[in-house]
K.L.:
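The following block contains the structure, expressed as structure tokens.
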Amino acid sequence: MRRLSWRVVASVVTGLALTLEALPWLLSRLQVRRQRRPRRDVLFFPSQVTCTEALLQPPGAAPAGPSVDCLCSLPHSESSLSRLLRALLAARVSLELCLFAFSNPQLGRAVRLLHQRGVRVRVVTDCDYMALNGSQIGLLRKAEYQSHRWMFWSKYSGAA
């Protein structure tokens, strides 16, 4: 039997080492591509009024699903609002919202829950509608002073 030369052995070892170095990078790139598929859902508003309490539980509370303990008289079925909340609550790193008027309390609760989980939230809204009765921006600004993960941008209206 003939002995392998040291050059062949060194080439094989170098190739194997380079492959093992590149493999995690390649797998992470493939995983990132899989995660970045855009959502394509059509939601119609105003939606049917339904109970969203099960979705808006704080971290560590009941699982997100229809709650048998909820005694409200609202239907516990799927609606456009519950689908929107479920999509927003799936955010893990950051959330960017652009709203003309941010007045939905359930949406405000969902954004605050994400903030509690450590998700970076950016809200873009019209400055004239930030001061409306029922605007959720004030509640979000109160939470802003407890953490620096919030970013607010206002579109100023008026003649240029």
K.L.:
Measuring from E21:CD to L16:CG, what's the distance to the nearest 0.5 Å?
P.N.:
10.5 Å
K.L.:
Should L99 and F45 be regarded as members of a common hydrophobic cluster, given that ILVMFWY residues are connected when their side-chain heavy atoms come within less than 4.5 Å of each other, either directly or indirectly?
P.N.:
yes
K.L.:
Rounded to the nearest 0.5 Å, how far does CZ of R86 lie from CG of L81?
P.N.:
10.5 Å
K.L.:
Tell me whether S103 contacts the main-chain N or O of S135 through its side chain, where contact means a donor paired with an acceptor under 3.5 Å.
P.N.:
no
K.L.:
Does H76 form a side chain to side chain contact (heavy atoms under 4.5 Å, CB included) with E53? I'd like the steps, not just the answer.
P.N.:
CA-CA 9 Å; H76 292 80; E53 280 302 310; over 6 Å; no
K.L.:
Within this structure, what is the CG-CD distance for the pair L74 and Q48, rounded to the nearest 0.5 Å?
P.N.:
9.5 Å
K.L.:
Determine whether a donor-acceptor pair (N or O, by modelled atom type, separation under 3.5 Å) exists between the side chain of R117 and the backbone of V93.
P.N.:
no
K.L.:
Rounded at 0.5 Å granularity, tell me how far CG in L97 sits from CZ in R122.
P.N.:
10.0 Å
K.L.:
Ignoring hydrogens and geometry, is there a side-chain-to-backbone donor-acceptor pair from T14 to S11 under 3.5 Å?
P.N.:
no
K.L.:
Are T50 and S79 close enough that a side-chain donor and a side-chain acceptor fall under 3.5 Å?
P.N.:
yes
K.L.:
Is any side-chain heavy atom of V42 closer than 4.5 Å to a side-chain heavy atom of F44?
P.N.:
yes
K.L.:
Are the side chain of S82 and the backbone of E78 linked by a donor-acceptor contact shorter than 3.5 Å?
P.N.:
no
K.L.:
First locate atom OG1 of T52, then atom CG of L84, and finally report the distance between them rounded to the nearest 0.5 Å.
P.N.:
11.0 Å
K.L.:
Looking at every non-hydrogen atom in both residues, tell me the closest pair between V123 and F102 and how far apart they are.
P.N.:
CG1-CD2, 4.2 Å
K.L.:
Are any of the side-chain heavy atoms of L107 and Q136 separated by less than 4.5 Å?
P.N.:
no
K.L.:
Verify the cluster assignment for L55 and L43: are they in a single hydrophobic cluster under the rule of side-chain heavy atoms below 4.5 Å apart?
P.N.:
yes
K.L.:
What do the steps show when you test R83 against D41 for side chain to side chain contact (heavy atoms under 4.5 Å, CB included), and what is the final call?
P.N.:
CA-CA 9 Å; R83 287 177 58 197; D41 291 332; 3.8 Å; yes
K.L.:
Please check if the side chain of R120 supplies one atom and the backbone of S94 the other of a donor-acceptor pair under 3.5 Å.
P.N.:
no
K.L.:
How far apart are the closest heavy atoms of L89 and R92, and which atoms are they?
P.N.:
O-NH1, 3.4 Å
K.L.:
Which heavy atom of R112 sits nearest a heavy atom of L140, and at what distance?
P.N.:
CG-CD2, 3.5 Å
